[in-house]
Amino acid sequence: MIDKVYCADVKPDMEGKRVKLAGWVYRKREVGKKVFIVLRDSSGIVQTIFKKELSEKAYEEAKKVGIESSVIIEGTVRADPRAPTGVEVQADKIQIIQNVDFFPITKDASEEFLLDVRHLHLHSPKVAAIMKVKGTLMQAAREWLLQDGWYEVFPPILVTGAVEGGATLFKLKYFDKTAYLSQSAQLYLEAAIFGLEKVWSLTPSFRAEKSRTRRHLTEFWHLELEAAWMDLWDIMKVEEELVSYMVQRALELRKNEIELYRKDDIKTLKNAVPPFPRISYDEAIDILQSKGVDIEWGEDMGADEERILTQEFEAPFFVYGYPKGIKAFYMKEDPEDPRKVLAADMLAPEGYGEVIGGSQREDNYDKLVERIIEEGMDPKNYEWYLDLRKYGSVPHSGFGLGLERLVAWVLKLDHVRWATLFPRTPSRLYP
Ligand SMILES: NC(=O)C[C@H]([NH3+])C(=O)NS(=O)(=O)OC[C@H]1O[C@@H](n2cnc3c(N)ncnc32)[C@H](O)[C@@H]1O
Ligand SMILES: [Mg+2]
């Protein structure tokens, strides 16, 4: 590894120090007998200046390089308030690693083109900022989960059945059998709680969703927790503590990157502290109807309805107590109202809607068989899962957080596809 310093680490108080930088040409301009190159690396940018009278060789080389050329530059630090970062490097040496005559991404590139060349779009500091925030949110999640006594486990991705409905399964040939790509690790996490009690996993989940909305991917990163002995209200507390910690840590560690997208509009992020507001599904329907939305009790809220509902809040909030008919087979019936299940979604404000789906699970064997049959599925395909209700069954609850959806809200992105390195949607499988 070359003994370079990072662009962001070049400071005015390093005046007179000799530094070696390695990165890519971010901006370039020639003024008289000077070439200004703004160099970019993973930390940020710094301006370098090549003066003919300082080094004619370096000056002539610097004139050749194109945008996004990879270079190593050496020179002396000089404080200069006119430079983008208040400091510049008076360069006397440049090694061109690879010159780029024409970088395909230009200022007026369309979103579709940027997705076509996503592998090159990752050069962008703004894209890198999204990935830094995503990584920091997961770093924070790991910190919180460790201190709260949760065990990380590694569930399978090749599975034999649906968790969230058969319509969105990706099917594949598995030797002489049929397998599917996992929609959710949940059922396997439910098995893991009998030895570990509180478990979590971060896995890719797959949904053959045909819906082309700004919040659906066909492959997304899914942070899922499952806990023995917890009921719905317990797991909601876990959700709000975890999400709050993730968001506050991101504000602390990735302030610059968040401001790149939100500027100073970070009120809703700061508001993400427990207790998050809680409304029932019934109350949600009343609110929507009072705002003129054409929705009846028993119907599911889609992205549009959730967008309107989020206008009532300036922080993430819960909607709990959904009708059984619109929720999954594994959710426990509400003992106080058999029309409902003990389920809760967490919705992000500012129009983003659902970021977490969670519930208390049906822990009674017979009732679960009944629900599986009610949903038109074959209990034989869930024999192992039903066993969990035969050998020491316990009340338990869990949830799944869509990491890209959380990132999209934190950075106010207009589509979840920007929150993932290589987005997968119905129309996009390449690059
Ligand atoms: N362990 C569990 O209890 C999780 C549960 N089995 C489950 O998968 N619930 S979910 O379908 O609401 O998905 C959970 C979250 O996963 C995200 N999600 C769900 N589907 C998608 C798609 N298609 N694209 C992006 N993100 C998605 C979204 O934030 C949801 O709230
Ligand atoms: Mg859901």
In terms of ring plane angle, is the pair Tyr322 and Tyr281 parallel, tilted or perpendicular, where the classes change at 30° and 60°? tilted
Heavy-atom side-chain proximity of Phe317 to Arg278 below 4.5 angstrom: no
Look at Asp13 together with Lys11 and state whether they make a salt bridge at an N to O cut-off of under 4.0 Å. no
With a 4.0 Å cut-off, would you call Arg389 and Asp363 a salt bridge? no
For the residue pair Glu112 and Ser110, confirm or rule out a side-chain donor-acceptor distance under 3.5 Å. no
Would you call Glu111 and Arg417 a salt bridge, using N to O less than 4.0 angstrom? yes
Centre of Tyr261's six-membered ring, under 6.0 Å away, within 45 degrees of the axis: is that where NZ or CZ of Lys412 sits? no
With a distance cut-off below 6.0 Å to the six-membered ring centre and an angular limit of 45° from the axis, does Arg214 pair with Tyr352 as a cation-pi contact? yes
May I ask you to decide if the ring planes of His222 and Phe220 are parallel, tilted or perpendicular, using 30° and 60° as cut-offs? tilted
Indicate whether the side chain of Gln248 and that of Glu252 have a donor and an acceptor atom separated by less than 3.5 Å. no
Look at Glu68 together with Arg40 and state whether they make a salt bridge at an N to O cut-off of under 4.0 Å. yes
Cation-pi between Arg29 and Phe36: NZ/CZ under 6.0 Å from ring centre and within 45° of the ring axis? yes
Taking atom types as modelled and ignoring hydrogens, do the side chains of Thr218 and Arg207 form a donor-acceptor contact shorter than 3.5 angstrom? no
For Asp92, is there an ion pair with Lys51 - N to carboxylate O distance below 4.0 angstrom? no
Is a side-chain donor-acceptor pair under 3.5 Å present for Thr268 with Glu350? yes
Which is it for Glu190 and His396 under the side-chain hydrogen bond (donor to acceptor under 3.5 Å, both in side chains) test, yes or no, and what are the steps along the way? CA-CA 8 Å; Glu190 290 188 60; His396 61 289; 2.6 Å; yes
Under-4.0 Å salt bridge between Arg361 and Glu226: yes
Is Arg82 paired with Asp80 through a side-chain N to carboxylate O contact shorter than 4.0 Å? yes
Verify whether one side chain among Ser244 and Glu241 offers a donor that lies under 3.5 Å from an acceptor in the other. no
Decide whether Asp231 and Ser397 meet the rule of one side-chain donor and one side-chain acceptor closer than 3.5 Å. no
Basic-acidic side-chain contact under 4.0 Å: Lys327, Asp345: yes
Before accepting this row, confirm whether a basic side-chain N of the pair Asp101/Lys64 lies closer than 4.0 Å to the acidic partner's carboxylate O. no
Ignoring hydrogens and angles, state whether a donor on the side chain of Gln360 or Tyr330 is under 3.5 Å from an acceptor on the partner side chain. no
Does NZ in Lys34 sit with more than 12 non-hydrogen atoms of other residues, nucleotides or ligands closer than 6.0 Å? no
Can you tell me how the ring of Trp384 sits relative to the ring of Tyr188, calling it parallel under 30°, perpendicular over 60° and tilted otherwise? parallel
